[in-house]
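Below is one structure, written out as structure tokens, with a few remarks after it.
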There are 2 protein chains.
Amino acid sequence: MSVQGRKQRERAERERLIVATARELAEQQSWDAVTTRRLAERIEYSQPVLYSHFRGKREIIGAVALEGAAELAAALRTAASTADGLRAQVGALAHAYLDFAERNPAVYDAMFQLDGGLAFAREDDTPEPLKDAFAALRETLGEVAGDGVHPGLFTELFWASLHGLATLTRAGRLPREHAEQRVELLVTRLAVL
Amino acid sequence: MSVQGRKQRERAERERLIVATARELAEQQSWDAVTTRRLAERIEYSQPVLYSHFRGKREIIGAVALEGAAELAAALRTAASTADGLRAQVGALAHAYLDFAERNPAVYDAMFQLDGGLAFAREDDTPEPLKDAFAALRETLGEVAGDGVHPGLFTELFWASLHGLATLTRAGRLPREHAEQRVELLVTRLAVL
DNA sequence: CTCGATTGTCTAGCGGCGCTAGAATCGGAT
DNA sequence: ATCCGATTCTAGCGCCGCTAGACAATCGAG
């Protein structure tokens with residue numbers, strides 16, 4: 001009865017291959033270059049095979065986004081736990097966030113710029129990895145929200161600021177030159193230490 | 001000799017029509033709905049006419065973006081000049097910015113999310129309206145940067161925060177519910193009053 | 001062991017996209 | 001009235017996301 005099992009494993013493996021290949025192609029060239037034809041060619045299957053795993057291109061982007069969210073959450077927790085003292089922790093958290101966006105631009109786009117068909121904001125059906133990445137931010141930032149300020153709300157604001165810095169920098173709207181100073185200013189001003 | 005003049009005017013008029021129609025269609029439906037075919041049909045010319053005014057779709061988006069930048073700059077200046085006191089001015093500025101993004105989502109996308117082929121960051125060839133919108137922010141925000149903080153850098157950070165709030169809210173990533181409180185918190189914490 | 005049914009994969013094609021070459025038409029100057 | 005240059009259009013290229021239907025491989029029942 002292990003025949004079915006083997007098939008299932010092979011199928012799951014192929015799904016991982018699709019997601020990994022899409023991500024790779026997006027990082028190498030851009031999401032525009034990730035067409036169903038090229039993706040199919042790279043995994044050495046025909047186009048329709050993609051549609052037996054995902055409803056369409058959106059869902060593939062969504063899968064990359066979820067993978068990215070899990071990695072981001074882990075990176076944030078590592079950064080926060082490595083630093084000593086509140087101030088350093090918040091700084092490390094912010095840097096880790098911006099580093100992630102800078103080093104994985106395509107994944108970051110999949111998460112926050114493209115339509116990956118992922119639900120949000122409605123508490124219930126937001127995918128777990130995304131909630132967890134937010135939770136990772138909140139664990140540290142909740143400590144510096146200040147008296148009488150809701151930790152969740154404070155985290156949302158801090159996150160939005162990071163997101164703005166990340167996207168505007170990457171789009172060439174903000175010179176990379178003083179990126180460091182902007183982060184420092186953000187941490188100093190927003191966090192109550 | 002006014003024949004040439006009339007033709008030039010008609011041509012300029014048609015160009016305005018193209019930009020206005022693209023903007024309208026984008027706001028009504030979405031930028032995805034703005035295809036060269038549909039756009040051509042709405043202005044009652046054939047597709048290639050669009051290419052006698054713009055290099056391609058990107059440039060049309062860029063034209064909408066520039067129009068939007070000029071409007072945003074004006075809205076920001078009006079807001080700042082209407083309020084009394086530094087604190088109120090900064091608050092009004094922030095609200096005006098977010099209102100603009102909320103009320104003109106397609107235009108905002110043209111400016112900051114889509115590729116309109118506009119240069120940035122390199123001081124020299126950034127289009128005038130964009131520099132001016134940034135200048136409008138700086139005029140007010142420069143007053144509250146705080147001692148020893150470069151006004152331009154402070155403005156960049158404040159702008160990035162607003163941009164983050166605008167995009168994440170519009171994408172449904174942040175609940176609209178406490179939007180007001182987030183802005184208040186941003187103003188209170190970032191600005192040195 | 002055979003043979004129909006089920007499952008999996010592929011070929012081929014649909015409608016729509018941005019963009020362009022070359023035909024057709026128009027309008028002012030001679 | 002006729003020509004010629006500018007303007008506009010028709011038609012079509014190569015690509016996109018997606019899917020119907022043909023075909024092959026695999027499995028379970030007789």
Side-chain angles (χ1 to χ4, degrees), chain A residues 1-19 21-23 25-26 28-65 106 109-110 114-118, chain B residues 1-19 21-23 25-26 28-65 106 109-110 114-118:
Chain A
M1 272 312 97
S2 165
V3 173
Q4 270 199 346
R6 191 202 69 219
K7 287 206 174 180
Q8 276 185 10
R9 265 181 285 118
E10 284 172 359
R11 217 184 128 71
E13 178 51 38
R14 193 173 62 182
E15 191 158 314
R16 268 190 304 264
L17 178 63
I18 292 172
V19 176
T21 306
R23 176 175 178 168
L25 191 50
Q28 279 173 4
Q29 307 191 20
S30 85
W31 275 108
D32 278 346
V34 183
T35 71
T36 54
R37 278 170 237 271
R38 261 194 283 262
L39 189 48
E41 199 192 1
R42 285 227 183 176
I43 65 167
E44 295 181 306
Y45 281 96
S46 69
Q47 254 180 306
V49 165
L50 300 174
Y51 292 85
S52 76
H53 289 273
F54 302 94
R55 277 180 197 284
K57 195 183 170 179
R58 279 166 50 125
E59 272 197 6
I60 297 177
I61 295 172
V64 172
D109 282 347
L114 302 175
D115 181 7
L118 301 178
Chain B
M1 270 309 99
S2 164
V3 172
Q4 269 199 345
R6 191 201 69 220
K7 286 207 174 181
Q8 277 184 9
R9 265 180 285 118
E10 283 173 0
R11 214 184 132 71
E13 179 52 37
R14 194 173 61 181
E15 190 157 314
R16 257 175 278 147
L17 178 63
I18 292 172
V19 176
T21 306
R23 175 175 178 167
L25 190 50
Q28 279 173 4
Q29 308 191 21
S30 84
W31 276 107
D32 279 346
V34 182
T35 70
T36 54
R37 278 170 238 271
R38 261 194 282 263
L39 189 48
E41 198 191 1
R42 285 227 183 176
I43 64 168
E44 295 181 306
Y45 281 95
S46 68
Q47 256 180 304
V49 165
L50 300 174
Y51 292 85
S52 76
H53 289 272
F54 302 96
R55 277 179 197 283
K57 197 184 168 177
R58 279 166 50 126
E59 271 197 8
I60 297 176
I61 295 172
V64 172
D109 282 347
L114 302 175
D115 180 7
L118 302 178

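Every chain is numbered from 1, with letters handed out A, B, ... down the list of sequences.
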Could you tell me how far apart [X] ([atom1]) and [N] ([atom2]) are, to the nearest whole angstrom?
X: B/Trp31; N: C/dG18; atom1: CH2; atom2: P; answer: 12 Å
X: B/Ile18; N: D/dT8; atom1: CD1; atom2: P; answer: 10 Å
X: A/Asp32; N: C/dG18; atom1: CG; atom2: P; answer: 13 Å
X: B/His53; N: C/dC19; atom1: NE2; atom2: P; answer: 15 Å
X: A/Lys57; N: C/dC17; atom1: NZ; atom2: C1'; answer: 13 Å
X: B/Ile60; N: C/dG18; atom1: CD1; atom2: P; answer: 9 Å
X: B/Arg11; N: C/dG27; atom1: CZ; atom2: P; answer: 17 Å

Ignoring hydrogens, what is the shortest heavy-atom contact between [X] and [Y]? Give both atom names and the distance.
X: B/His53; Y: B/Arg11; result: CE1-O, 3.4 Å
X: A/Ala33; Y: A/Leu25; result: O-CD2, 3.9 Å
X: B/Trp31; Y: B/Ala106; result: NE1-O, 2.8 Å
X: A/Thr21; Y: A/Leu17; result: OG1-O, 2.6 Å

Exercise for the section: Check every strand shown and say whether B/Arg14 touches a base, only sugar-phosphate, or nothing at a heavy-atom separation below 4.0 Å. Expected result: sugar-phosphate
Practice task
Check whether any side-chain nitrogen or oxygen of A/Arg37 sits under 4.0 Å from OP1 or OP2 of C/dA12, and answer yes or no.
Solution key: no
Practice task
Please state whether the phosphate of D/dG17, meaning OP1 or OP2, lies under 4.0 angstrom from any side-chain nitrogen or oxygen of A/Thr36.
Solution key: yes
Ignoring hydrogens and angles, write down the donor-acceptor pairs under 3.5 Å from the side chains of residues 39-49 of chain A, residues two or more places apart or on other chains.
unit_1  : atom_1 : unit_2  : atom_2 : d
A/Arg42 : NH1    : A/Gln28 : OE1    : 3.3
A/Gln47 : NE2    : A/Thr36 : OG1    : 2.8

Practice task
With the side chain of A/Arg38 defined as its heavy atoms from C-beta on, choose the nearest nucleotide among C/dT9, D/dC16, C/dG18.
Solution key: D/dC16
List the atom pairs, donor and acceptor, that lie under 3.5 Å between side-chain atoms in residues 55-62 of chain A and the rest of the protein, sequence neighbours left out.
unit_1  : atom_1 : unit_2   : atom_2 : d
A/Arg55 : NE     : A/Glu59  : OE2    : 3.4
A/Lys57 : NZ     : A/Val34  : O      : 2.9
A/Arg58 : NH1    : A/Asp115 : OD2    : 2.6
A/Glu59 : OE1    : A/Arg55  : N      : 3.0

Handout entry: For DNA chain D, the residues among residues 39-52 of chain A that have a non-hydrogen atom under 4.0 Å from it
Key = A/Gln47, A/Pro48, A/Tyr51
